[in-house]
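Below is one structure, written out as C-alpha cells, with a few remarks after it.
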Amino acid sequence: MSNGKLSKLNLTPKSGLTSSEVDARLEQFGINELIASRQPPLWRKIWQHLSDVSSLVLLFAVGLASYMAIAQNGGWMKTIVIGSILIINVAIGLYQEASAEKALAALKSMSLPTTTVRRENVAQTVAAEKIVPGDLVLLKAGDQVPADAIVIESTNLTIDEAVLTGESVAVEKDAYLSGTTPTEMQQAFAGTAVTAGTAVIQIVATGMTTELGQIAGLLNKTKKRATPLQGRLNRLSGWLTTFAVLGGLLIFALSIWVQNQGVADSLMIGISLAVAAVPETLPIIVTISLSHGVKRMADRHAIMRRVSAVETIGGIDVIASDKTGTLTQNKMTITKYWTPKTGIMSASGPVPAAGRQLMQSLGLATNAEIKQVNGGKQTFGDATELAIVRWLAKNETSRADFEQDYPRVAEDPFDSKKKMMTTVHALNDDQQLVIVKGALDRIPLKANAANDAAAQQAHDQFGEAALRVLAVGYKVMPKQIAPITDWDAVNQDVTLAGIVGIIDPPRPEVIPAIREAKRAGIKPVMITGDHLVTATAIAKEIGILTADQQVMSGETLRGLSDEDLTAQIKDIAVFARVSPTDKIRIVQAWQSTGATVAMTGDGVNDAPALKVADVGIAMGITGTEVSKGAADMILTDDNFATIIAAVKEGRTVYQNILKAVEFLVGVNFAQIFLMVGAVLFGWGAPLLAEQLLLVNVLADGIPGFYLSREPGEATAMQQAPVGNDESILARGLGRRLAVRAATFTVLTLGIYALGRFVLTANQAPVGMTMVFLILGVGSMIDIYAIKERQPLSRASFKRNPSLNWALLVGVTIVIGLTAIPGVQNLFSFVTIPPAAWVITMLGMFIPTMVLETTKRLQQRRRGYVTDLVE
Ligand code: ATP
C-alpha cells in the first residue's frame, strides 16, 4: 500500500468538524462511495430499448412499411401502426424499468452501512457515504473502517486488512504522533475490519480516492456462484428466438411460394411473426419480479443486499443458523447456580454467603451495564453478562459495589474462539486478584478431587435442562507492574468459585418456522459456541434435532478431513462448541454435496463464511458492520423465522417468473403454429402483420407485468427446493406449455375456419377479427388459471386486484378496437355477425376450461395439485 499522498497531517480539532464544514467538503470531495452510480440520461435509456433485437426489427418493419407506402403511393396506416407499437413497447419498457429502479433505490438506502462520527463535539451515527475528509470517526471492534484515515487515538486497536493485503492476521495500529509523517502502522484503510480495541481516526481520503477505491475494479474477483435462473431463462429465450426466426423465415417463404405474395408483403408478415413470437417482455418481468420480491422481503424484516439473492434464497437446501439470539430470544436469566459449598441452588431464592462470593467473582469480570437513559432503562453489553447484572441487581448489589473494593487494572477480553475472559484487580500492596470467567471446559482449573466431579455433574445437569453454563474462577498472584503480555500464564491454576445456569428461551415463532422449513425440504442446522449438552437440549426442544440426526462438537469437526466431513455432513443437525473459523468448512462441506447453503453470522470472524455461503445472512441488531458488509441479506429482527419468510418470498418470485414464462411462451408458440398452419391449409395469413404485433403488445406486455405482483401460494412451502441443475421446464411446466400452445393453435385455427367459411362466405377479415379476439381476450383471461396452481376459486380473483384492473383495461381495448366502427378500420377489423360474437365469447373461455379440467383431474388422481418433484 502506498502512502505517498500523506505528508504531515492537519489535525481536526477534538470536537470534530462543524456541519457547515461537512457540507462544504461533501460538495468538494463528493460522497464516500466506491462506484459512483450515476443515472444514465433518458436518451441513453431510450436508445438502450431501441437497440434491442425486437425494437430493431420493428424499426426495420417501419422502414419497410414506409417503403411500401411510397411505392404504392399511399397506405401509410401500417407505418403509423407499427411505429406506434414500437413507441408503446419502448414506453412500457421504460416505465417498468423505472418502477424496478425505484424499488431498488429504496432498498439500497435501507442497507447503507453506518458509522459513528464526532461532529460539533457530539458522537452521532451517520451513513458511511456521508463521511468527508477531516471527519473524526469513532471505531470499535466489529466496525468497518469507512474511508482511509489516520489513527489519532488508539486503545489496543487491531485491524484485519485481508481485503487489501490478503493477509489474514490482524495488525496492531498505533496512534499518530503530531508533526510527523504517518506510517502505515498509523493508518486505517477503507473496507478493513476492526477486530479488537477502540480508536478515533481522522479521515484523509474518501470514495474512489481510497486504496480500496483504486483497486475497486479487482473486487469482483470474489464472485459468488452464478444464480441459475437467469442462465436458464437465457437458454430458453435463445431457443425461442431461434424458433421465432425460423417461424418468420418459414412464413416468409410460404407467403412467396405458396401464396404468391410480393417480397415486401411476405417480408412484413415474416418479420411481424418473429417479433410477436419472441417473449421480449420476459427479461423485464424477471427484473420486476425480483425487485418486488426485494420489497416484500424488506416488509418482512429481511433486507436484501444483492437482488439475485432473492432467487437464491428461494432455492436453498440448508440453513445453518447461529443459536443465540437467532433461534433463542437472547434474553438471558440466571436460574440456577452451583458452588462447592452450597451444591445446586435455585437463583430465585435468597443467596447464602458462598453464593455471594460467586456473585462477586461474576460481577468483577463483567462489562455489561444497565443504565438510566432519558428516564428509561437501557442495556449495554453482552446478553450473557446482562444476566449476571440482573441477578446482582435482584440481590441488591452491583458490579460497581465490587469494583469499589477491587478496582480493575487489566482485562483480556472474551472471544468466541477462547470462550473465556480474564480480569485482574488490585487486592493489596503486593497482590492482585485474577478472575477468569467462561466455559467450564475452557478455564484452566487447578485440579480439586473433592469438587471436580460435583462441578461436572452440576454442569451436565444444567446443560441437559437447556441452560447455558458459565463458570468462574479466581486466583491471587503477585502484583505485576508491567502490562501483562502472557495471559496463558495468568490464567493457569484457577480455583473454581462456582457455575451458573442461564436460561435463554427459544423464540416462540422459531418452532413452527423449523417445521415449515422441513416441510419445504430445507434442512435447518444449528451452529453454536455453546456446550454440546446445552445445544442438544435446545435443538431437541425446537425440533432441529430429531432421532435420525446427530450432534458434532467443534473438536471432532476439526479432527475430520474435508472428505470425511462431507461424507457425514447430511447426518448432523447440531454443531456445538465451534468457532467462527469452523463455519466455513461446514458451508463448503454442504456445498460439495451439491447443496445451496444459507449461513447466519454476526461477528467479524463470521465474514468469510458469510461470503462463501450461497446466501450469507447477517444480524441487523446484534451484527457487526463487517458481517453486514459481507452478507447478502440482513435480518432487521435477528429472527430465524424471518429467514423462512424470505425463503417463501424467494419461492414466490421464482414461481411468478415461471408463471410469466407459461403465460408468454405458450401463446407465442401458438401464434407460430397458427400462422404456419393456416398458410399450409391454403387459407393465407389468419392475422395481418399489424394485428399480430398489436395482440403481442396488448396481451403479452400488460398482464404479464402484473403477474409479478402475485402474492405467494400456500403450496410454495410444500415443495422441494429447486435444484441447481433442474430444468426450467421441470415440475410440469413443459407439459403445461405444450397444452397451452396446442389449445390456442387448435382453437384459433378452428375459429378462423368457422368465421371465414361457415359463418360467412369466405370473408377472411371476419376470421381475422375473431382470431384477434380469441388471442387477445382468451389469453388474457387465461391468466387466472395460470396464476393459481390450485383449482380456481372465488378467492383467486381477490388476491391481486391490480391484475383485475389491468385485465379490464386490456379486454376493453381489444374489444373496442374490434367493435367500434370508426376504430375498427385502423387495424383492418370488421363488424362480425352476432353468431360470431357468441362463438368467440364461448371460445375465449376454452383455454381456461382446459387448464382447470387438467388441475381437477390431477387433484382427483392424487388428492392434491402439486409441483413436487416426484
Ligand atoms: P452462537 O451465537 O453461535 O449460538 P454462542 O453465543 O452460544 O454461540 P459463544 O458466544 O461463543 O457462543 O459462547 C460460548 C461459550 O462461551 C458459552 O457457552 C459460555 O460458556 C461462554 N461465554 C459466553 N459469553 C461469555 C462472556 N461474556 N464471558 C465469559 N464467557 C462467556
Side-chain angles (χ1 to χ4, degrees), residues 141-142 320-332 334 361-369 379-389 399 411-423 435-443 455 459-460 462-463 466-473 491 494 496-504 506-507 510 524-539 542 544 553-555 574-583 586 599-606 609-610 617-619 621-624 627 635 638-640:
S321 170
D322 283 335
K323 170 177 72 68
T324 312
T326 314
L327 295 167
T328 66
Q329 297 180 12
N330 217 17
K331 286 195 193 112
M332 304 210 194
I334 297 180
S361 304
L362 286 170
L364 284 173
T366 293
N367 290 317
E369 282 180 90
T379 56
F380 295 89
D382 171 77
T384 311
E385 295 199 342
L386 284 168
I388 298 173
V389 174
R399 183 191 134 183
E411 176 188 352
D412 182 24
F414 176 78
D415 93 47
S416 47
K417 195 157 185 190
K418 291 186 307 191
K419 305 199 190 304
M420 61 173 204
M421 62 176 284
T422 309
T423 53
I435 309 277
V436 186
K437 164 167 129 299
L440 182 65
D441 45 302
R442 295 300 172 90
I443 302 179
H459 172 279
D460 292 350
F462 289 177
L467 299 180
R468 185 175 174 81
V469 192
L470 195 62
V472 65
N491 289 336
V494 173
L496 184 65
I499 60 180
V500 287
I502 306 173
I503 193 166
D504 178 15
R507 288 173 178 266
V510 154
V525 175
M526 178 194 278
I527 299 188
T528 176
D530 236 342
H531 194 272
L532 198 97
V533 182
T534 310
T536 306
I538 296 188
I542 58 177
I544 280 191
S553 74
E555 207 179 353
V574 178
F575 292 90
R577 276 282 189 264
V578 289
S579 334
T581 39
D582 299 326
K583 284 184 166 181
I586 298 174
M599 166 71 86
T600 71
D602 48 15
V604 175
N605 301 340
D606 290 333
L610 293 184
I617 306 172
M619 300 298 138
I621 304 170
T622 53
T624 53
S627 64
L635 304 180
D638 291 12
N639 190 345
F640 179 84

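Worth knowing before you read on, the calculation uses all heavy atoms, side chains too, and leaves out hydrogens, waters and symmetry mates. For ligands, and for the atoms within them, numbers begin at 1 and follow the listed sequence.
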| query | List by chain and number: which residues place a heavy atom under 4.0 Å from ligand 1? | reply | D322, K323, T324, D382, T384, E385, F414, S416, K419, M421, K437, G438, A439, R468, V469, L470, I527, T528, G529, D530, R577
| request: Identify the residue among D530, T328, T528 that makes a side chain to side chain donor-acceptor pair (under 3.5 Å) with R468. | output: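 Exactly one pass, corresponding to D530.
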How far apart are the closest heavy atoms of [X] and [Y], and which atoms are they?
X    : Y    : answer
D322 : T600 : N-OG1, 2.8 Å
G142 : T624 : O-CB, 3.1 Å
I621 : D638 : N-OD1, 2.9 Å
E369 : L386 : O-CD2, 3.7 Å
A618 : L610 : CB-CD1, 4.4 Å

